[in-house]
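Let me begin by presenting the structure, written as C-alpha cells, before commenting on it.
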Number of protein chains: 2
Amino acid sequence: MNSDALLKRPASASPAQKVRVPGKGVDASGKKLKKADITRVRILDAAAHVFRQKGYALTRISDIAKLARTQSSSIYYHFESREAIVEEVLRIANGRTRERVINAIGALPRDASVRDRIGAAIHGHLEIVLAGDHYIAAHIRIFDQLPADLRKRFLRVLDENAELWRTLLNEAQSEGMIRSDLDLSVIRQLLIGMMNWSVEWYRVGRLSPPQIADQIAVLFFDGVTKR
Amino acid sequence: MNSDALLKRPASASPAQKVRVPGKGVDASGKKLKKADITRVRILDAAAHVFRQKGYALTRISDIAKLARTQSSSIYYHFESREAIVEEVLRIANGRTRERVINAIGALPRDASVRDRIGAAIHGHLEIVLAGDHYIAAHIRIFDQLPADLRKRFLRVLDENAELWRTLLNEAQSEGMIRSDLDLSVIRQLLIGMMNWSVEWYRVGRLSPPQIADQIAVLFFDGVTKR
DNA sequence: GTCTATACATCGATAGAC
DNA sequence: GTCTATCGATGTATAGAC
C-alpha cells in the first residue's frame, strides 16, 4: 500500500527546498532513480500514511521516520522541515486527483454529453478519494488542520481543481440543462462536499465506491424523489 | 459573539470531572450563576472560539486563557485537562444542533408532510451550522482531529443526531416518497455531508444560510436537472 | 479563585562522526 | 546518506503563595 509517489517533481521548487541535483535520469516519466529519490519517496509514502491516520498536528517526524524505517534526523537530509513534507504530500495529492478526473473525462467518446462527462468526473473523483490512496485521503483530512499561512499558500493550487468543476457545470448550464433557480457556485460546492465528506463515513464492505458514485450522480441530477 | 454556553450541565459527568457543587441556584433554566460558573462559561466560549479558528491540536491552553482573559493555570481550577474542555465543547455543540433541528420540526403544523419536515430540518441544521456559533463550527471542524480514543467515545452521542435524520428519511421512504434505487443510509450521509461541508466554503455576504438551505433542499429532493 | 514559578515531557531541528 | 547525541523551544500540568 505504499511505494508510489512523485506524480511530478516540484514544479517551481518550494521556497526553501534543499536543492538536490537531478543527476542524469530522473524525469517525471523516467525510470532511473537514485537512492536518495527512492528514500525520499519512501518518506513521502510514510508521511501520507501517518498524516491520513493521525492528522497534521499529531503527526510526529518520528512517526514518519519509524514507518519509513529510518531515523528522524535522516529525514532532514531529504526535506528541509516538517512543513516541506506536508507541502509535497499535498502537491502530489492534488495532482493525482486532478489527473484522475481529467482521465475519466478523457476516456469518454468525443461526443459524450455534458451529463455523461459530469458523471464520469464524479466517478473519477469519488473513486480516487475512496481508493485508499493515502496522499489523497491525507489531503482531505488534514487540509483544514494546517497552520493558516500554509493553508493560504495552497488555496491557489486547490482552486485549479475547482476550476475543472466550474467549467463542467458552466457547460451544463449553457446547454440549458440546469434549473435556473440554482446557483452554480453553490451547487458545485455541495457536490464537492458530498464527495469529500464521504471519506468521513465510507467503510469497506458496504457499497463500493462506484456504487456510491452512482448514488451521488442520481442525487445530484435527479434528487431523491420518486416520480 | 460569546458569553452563552451551557445548554445543559454534564449529564453523567465525564469520568474525571472535578466535582463542583451546584450550590443553590444553578439549573439548566435557572439564572443564578456563581462566579465559578460564569468563568467556566467564559472559558468554554473562548475555547470554542479558538478551536474553531485553529483546530484542535493547534489550540493551546494559553490561547484559550488569553481570550478568556485569565491565566493558563487558572483554567485548571475549572477543568481537569485540555481534553475535558474539548469534551464539554462538543457536548454543548451536539446538544444545540439537536435542539435546533427538533425545534425547527416542532414549529411546523401537526399535519405537515414528511417533505416539509425534512425541509425544516435542513433549514434548522444548516442555519445553526452557519450561524457563526463557535461551538458548532468548532465541533464540525475539529471532530476528526481528535485523538482516536476521544473521538471514539463521542461517536455514540454523535449517533444520536444521526438517528434523528434516520427517522425522518425512514418515514419518507415508507410513504413511498423516495426512489427505490437509492440507499437510505448513503443518502443520509450525503445530505449531512453537503450541509456540514458548507462551513468550509460559506462566506458571509453571498447567499444567506436560508438561501443555501433552499438550494440544498432543491438539490436533495429534485436534483439540478431542469424539467 | 487567581497568581507566580517551575517541574517535566515532547518534539523539531542541528552538529558532527562515520 | 545515515547514525548518535543534544540543544532549545514549546506546552501541559502542578505547587503553593496570596
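Each chain gets a letter, A, B and so on, in the order its sequence line appears, and its residues count up from 1. The structure displayed is predicted, hence computed values, not measured ones.
Sorted by first and then second residue, the salt bridge (charged side-chain N to carboxylate O under 4.0 Å, His left out) pairs with a member in residues 118-130 of chain A read Arg100(A)-Glu127(A); sequence neighbours excluded.
In terms of heavy atoms, Ile128(A) sits closest to Asp133(A) at O-CB, 4.2 Å.
Taking atom OH on Tyr77(A) and atom P on dT2(D), their separation rounds to 8 Å, with Å as the unit. Between the NZ atom of Lys66(A) and the P atom of dT2(D) there is a distance of 19 Å, given to the nearest Å.
Rounding to the nearest 0.5 angstrom, the gap separating the CG atom in Asp63(B) from the CG atom in Leu67(B) is 9.0 Å.
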Practice item. Using a 4.0 Å heavy-atom cut-off, write out nucleotides 13-18 of chain C from 5' to 3' as B (base contacted by protein), S (sugar-phosphate only) or - (no contact). Key: BB----
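Note on the helix from dG1(C)-dC18(D) to dC18(C)-dG1(D): terminal axis deviation equals 0°, with five pairs used at each end and the result rounded to 10°.
Under the 4.5 Å side-chain criterion, counting only non-hydrogen atoms from C-beta, Arg60(A) is not in contact with Lys54(A).
Remark: Glu160(A) engages no residue in a side chain to side chain donor-acceptor pair (under 3.5 Å) (not counting sequence neighbours). Residues passing the ring pair (Phe, Tyr, Trp, His ring centres under 6.0 Å) test with Phe143(A) are His139(A), sequence neighbours excluded.
Projected onto DNA chain C by closest heavy-atom contact, Leu58(A) and Thr70(B) fall at different nucleotides, the more 5' of which corresponds to Thr70(B).
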Report, one line per pair, each donor and acceptor closer than 3.5 Å where one atom sits in a side chain of residues 196-210 of chain B; sequence neighbours left out.
unit_1    : atom_1 : unit_2    : atom_2 : d
Asn196(B) : OD1    : His125(B) : NE2    : 3.0
Ser198(B) : OG     : Met195(B) : O      : 2.5
Ser208(B) : OG     : Gln211(B) : N      : 3.3
Ser208(B) : OG     : Gln211(B) : OE1    : 3.2

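The main-chain N or O of Arg141(B) is never found under 3.5 Å from a side-chain atom of Arg52(B) such that the two would form a donor-acceptor pair.
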